[in-house]
Amino acid sequence: YIHDGWLVLRDNDEIFNKMFLHTLLSSDYAMASFASMAAGSVVKNLNKELVGKLKVPVPDMALQTSFAKFVEQSDKSKFELQKSIEKIDNLIKTLIQQN
């Protein structure tokens, strides 16, 4: 949504786990909120006032950290599954070529 500028988010009070915040801001909820707030008909633009209107839940740090660990483990599992699928796919292709 950023056309010609950058928006810097600062967590000076350190109330967010970075992985939690990244996942939250990448979520369908945040994307839909940004899309509904963005101005412009062809190029959608956001500014700090619009982004500042996003309602952001702030669970305690222990819960954020637990969520972040879950996301990291899910990412690792997804990567391992993708590698396994690629190996199976290659095995099937090899078997087909041999027969």
Main chain of [Y], side chain of [X]: is a donor-acceptor contact present, judged purely on distance under 3.5 Å?
| X | Y | answer |
| --- | --- | --- |
| Ser66 | Leu63 | no |
| Asp60 | Ala62 | yes |
| Gln64 | Asn17 | yes |
| Ser36 | Ser33 | yes |
| Asp89 | Ile85 | no |

Should we count [atom1] of [X] as having more than 12 external heavy atoms under 6.0 Å?
| X | atom1 | answer |
| --- | --- | --- |
| Tyr29 | OH | yes |
| Asp11 | CG | yes |
| Gln82 | CD | yes |

Between atom [atom1] of [X] and atom [atom2] of [Y], what is the distance when rounded to the nearest 0.5 Å?
| X | Y | atom1 | atom2 | answer |
| --- | --- | --- | --- | --- |
| Gln98 | Leu95 | CD | CG | 5.5 Å |
| Phe16 | Thr65 | CZ | OG1 | 12.5 Å |
| Glu86 | Lys83 | CD | NZ | 8.0 Å |
| Lys18 | Leu9 | NZ | CG | 11.5 Å |
| Gln73 | Glu80 | CD | CD | 7.0 Å |

Minimum heavy-atom separation for [X] and [Y], please, with both atom names.
| X | Y | result |
| --- | --- | --- |
| Val71 | Met19 | CG1-SD, 3.9 Å |
| Pro59 | Phe20 | CD-CZ, 3.6 Å |
| Leu24 | Ala30 | O-CB, 3.4 Å |

Do Lys87 and Asn90 touch side chain to side chain, with heavy atoms closer than 4.5 Å?
no
Would you say Leu25 and Met61 are hydrophobically clustered, going by side-chain heavy atoms of ILVMFWY under 4.5 Å?
no
